[in-house]
*Asks:* 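Structure incoming, see below.
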Amino acid sequence: MTSVKKQTQVRLEEDVLAAGKAAAAARRLDFNRYVERLIIEDTTGARAAGMAAAQRLIDEHGAFLDDLEQQLDAPHADAQRGAAA
């Protein structure tokens, strides 16, 4: 089954458009597909479900993630202190 695509026009501030195009490129999507995906995720609840899952991960493992981040950053912090001396 082939779906028929409809064309529409959207007016965006220049910086919003640039940010959207950059976000699309970072995801290796063309801008139209990126906007389509955002609309689908928003209207189907997929985005909300993903955000809720991310919040649960932070709530349940936030302390572990904070500790891990500090451990991973520690060698870089030591190197920066040495460079400043």
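As the structure is a prediction and not an experimental result, all values here were calculated from the model.
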*Asks:* Under a single-linkage definition using a 4.5 Å side-chain heavy-atom cutoff for Ile, Leu, Val, Met, Phe, Trp and Tyr, are V10 and F31 assigned to the same hydrophobic cluster?
*Replies:* yes
*Asks:* Can you tell me how far the CG atom of D42 sits from the CD1 atom of I40, to the nearest 0.5 Å?
*Replies:* 11.0 Å
*Asks:* Cluster question for you: counting only ILVMFWY and a side-chain heavy-atom cut-off of under 4.5 Å, with indirect links fine, are V35 and L17 together?
*Replies:* yes
*Asks:* Taking atom types as modelled and ignoring hydrogens, do the side chains of E36 and N32 form a donor-acceptor contact shorter than 3.5 angstrom?
*Replies:* no
*Asks:* How long is the gap from CD on Q9 to CD on Q7, to the nearest 0.5 Å?
*Replies:* 8.5 Å
*Asks:* Please determine, by modelled atom types, if Q55 and D59 share a side-chain donor-acceptor pair under 3.5 angstrom.
*Replies:*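 The criterion, which ignores hydrogens and geometry beyond distance, is satisfied for D59 and Q55.
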*Asks:* Distance from H61 atom NE2 to D66 atom CG, nearest 0.5 Å?
*Replies:*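 Reported to 0.5 Å precision, the distance equals 13.0 Å.
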*Asks:* Can you confirm whether E14 is buried at CD, in the sense that more than 12 heavy atoms of other residues, nucleotides or ligands lie under 6.0 Å from that atom?
*Replies:* no
*Asks:* What's the spacing between R27 CZ and R37 CZ if we round to 0.5 Å?
*Replies:* 8.0 Å
*Asks:* Quick check: is I39 connected to L12 through a chain of hydrophobic side chains (ILVMFWY, heavy atoms under 4.5 Å apart)?
*Replies:* yes
*Asks:* Of the non-hydrogen atoms in Y34 and L29, which two are nearest, and what is the gap between them?
*Replies:* CA-CD1, 4.1 Å
*Asks:* Establish whether L72 and F64 are linked, either directly or via other cluster members, by ILVMFWY side-chain heavy-atom contacts under 4.5 Å.
*Replies:* yes
